[in-house]
Amino acid sequence: MARPTTAYACSECGWAGSKWYGRCPECQAWGTVVEKDAPRSAVAAAPVSESRAARPIAQWGAEASTHVPSGIAEFDRVLGGGVVPGAAILLSGEPGVGKSTLLLEVASRAARRGVRVLYVSAEESASQVRLRAQRTGALGSENGADELYLASETDLATILGQVDVVQPELLIVDSVQTVSSALSDGAAGQPAQVREVAGTLIRVAKERGLPVLLVGHVTKDGTIAGPRLLEHLVDVVCHFEGDRQTALRFVRAQKNRFGPTDEVGCFEMTGDGIAEVPDPSGLFLSRSGAPVSGTCVAIAMEGRRALPVEVQALIVGTQAPQPRRVVNGVDASRVAMLLAVLERRCGLRLSTSDVYVSTVGGIRLQEPGADLAIALAIASAVRDQALPATLAAIGEISLAGEIRPVSSAVQRASEAKRLGFTGLIDGDAGALHAAIRSAFARTAPGERVDVPAF
């Protein structure tokens, strides 16, 4: 009689083999090879009821998903208008960025509208969550507090029991990586456990029409911890990001089955919790009254929102054989390319100077549309001449020294006009050296600035 063999499979990539490995030979992931169940016989075809029978797509009713506002306009903007009944929403972010604070505020505002909410915390005790709710003002009125139920559980079966007892209209689980199920082997947070917990909660959400908000941890490289299947199962994936040195926070939708994925919600962390920033236009501009050399304003796009961002540059002469290139909030390789174009195409001597480039407010400029503003700020720092305070710039710079147009140019121009920028330099300027000459020539009435010769 042949000996029974044990099969193993990787929970990440699906690799299968007869030997256990600590590291998957296929995807090189650690701790993902688990024992596979014994092969089963073929599944027999099940009878299909008339209500579930397949029929032409035109015969199905077009039931539109209704978005229910969460009470936080910036969060609703990212979700596409609100929370859809039966939707599974995953919110990820770095530790301490404010995920739990944001969802506690969502729960509080929903409870004030009479929506019964069950907030399950698997990371903190109930008293700790209650203390934070009192500090941030999430307790609200007595009626709102009566509709907001709080539980501290780490077992999936107990959480489902709480759902049966409370009968909530909104379920929040913080977090999915700290909940475990007795039906799956391994500790909480392992791929098999995350798959079982998420799959069960999503199934409950679909069967009961119950919206579920899940908090997800991230790894050191910024990706969501656990199997990639988690992001495929949920309906919406939002990422909460922000710099710890600043109070500004952004919520971006990376996946959304009920709305666009290019919207951005803006928040500010305060001592009393998290606050919405419906118009963040003035957060990324300096407060100095008089124009200062080495500054220029770029109109950047954050999702569908146009934001003015001030770029600052400082040029200092040096005798070092390798001048320093220090950047903050912009791409270092992009700045190095712009320095080469300015020196080769416009005749600016930058190889013997230290260059410092930074943005105001801690925002990061990743798009090429900020190239022209960075180049103008550097040129202004080299000449030690301030550009007009009412001047803004948008445009991508090529290696040939040409200014290329960028997307959403009309929306950027409208936002610049609304904010009082009367001068806008864009792709119509043609070459970079012509744009620099035009920028220095645009002065206020009665003010005279010498136009440099490039």
Side-chain angles (χ1 to χ4, degrees), residues 264 266 277-315 329-330 338 342 346 348 357-361 363 365 367-398 401-454:
V264 177
C266 189
V277 184
D279 189 9
S281 300
L283 297 178
F284 313 113
L285 300 176
S286 62
R287 306 299 182 184
S288 59
V292 182
S293 62
T295 62
C296 185
V297 176
I299 307 298
M301 293 298 297
E302 286 290 339
R304 295 185 180 183
R305 176 179 291 173
L307 297 177
V309 180
E310 182 173 321
V311 181
Q312 298 180 345
L314 182 64
I315 309 297
V330 294
L338 294 176
L342 286 171
C346 301
L348 295 181
V357 180
S358 177
T359 58
V360 173
I363 189 173
L365 288 177
E367 60 167 343
D371 289 352
L372 183 56
I374 297 175
L376 291 177
I378 295 174
S380 174
V382 172
R383 301 291 300 185
D384 197 17
Q385 294 181 354
L387 296 172
T390 57
L391 179 69
I394 55 173
E396 177 185 359
I397 298 177
S398 65
E402 299 176 347
I403 301 177
R404 297 173 54 85
V406 295
S407 61
S408 305
V410 177
Q411 184 177 354
R412 297 175 197 247
S414 300
E415 182 67 13
K417 183 178 180 180
R418 185 184 72 87
L419 297 174
F421 292 96
T422 58
L424 181 65
I425 299 181
D426 51 16
D428 296 336
L432 177 59
H433 62 84
I436 297 177
R437 289 175 58 89
S438 175
F440 280 101
R442 300 188 185 194
T443 57
E447 182 181 359
R448 182 177 181 277
V449 177
D450 295 333
V451 179
F454 292 99

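The first residue of the sequence shown is numbered 1, and numbering continues consecutively from there. What's counted below: heavy atoms across the whole structure, side chains too, no hydrogens, waters or symmetry copies.
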Does [Y] offer a backbone N or O that forms a donor-acceptor pair with the side chain of [X] under 3.5 Å?
X      : Y      : value
Arg412 : Ser407 : yes
Ser380 : Gln385 : yes
Ser438 : Ala434 : no

So how far is it from [X] [atom1] to [Y] [atom2], rounded to the nearest 0.5 Å?
X      : Y      : atom1 : atom2 : answer
Thr359 : Leu285 : OG1   : CG    : 11.5 Å
Ile403 : Leu372 : CD1   : CG    : 4.5 Å
Lys417 : Thr422 : NZ    : OG1   : 11.0 Å

What is the minimum heavy-atom distance between [X] and [Y], and which atoms define it?
X      : Y      : answer
Pro278 : Arg305 : O-NH2, 4.1 Å
Val360 : Gln312 : CG2-NE2, 3.5 Å
Pro308 : Phe421 : CB-CE1, 4.3 Å
Val311 : Leu365 : CG2-CD1, 3.9 Å
Val406 : Glu396 : CG1-N, 3.8 Å
Asp371 : Ile397 : OD2-N, 3.4 Å

field: Listed partners of Val382 passing side chain to side chain contact (heavy atoms under 4.5 Å, CB included), at least two apart
entry: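 Here the qualifying residues are Ile315, Leu348, Leu350, Ile378.
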field: Contacts of type side-chain hydrogen bond (donor to acceptor under 3.5 Å, both in side chains), residue Ser293, not counting sequence neighbours
entry: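 Listed in chain order: Asp384.
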field: Presence of salt bridge, Arg418 and Glu415, under 4.0 angstrom
entry: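 Yes.
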message: Between Leu342 and Ile436, does the side-chain contact (heavy atoms from CB on, under 4.5 Å) criterion hold? Intermediate values first, please.
response: CA-CA 10 Å; Leu342 286 171; Ile436 297 177; 3.9 Å; yes
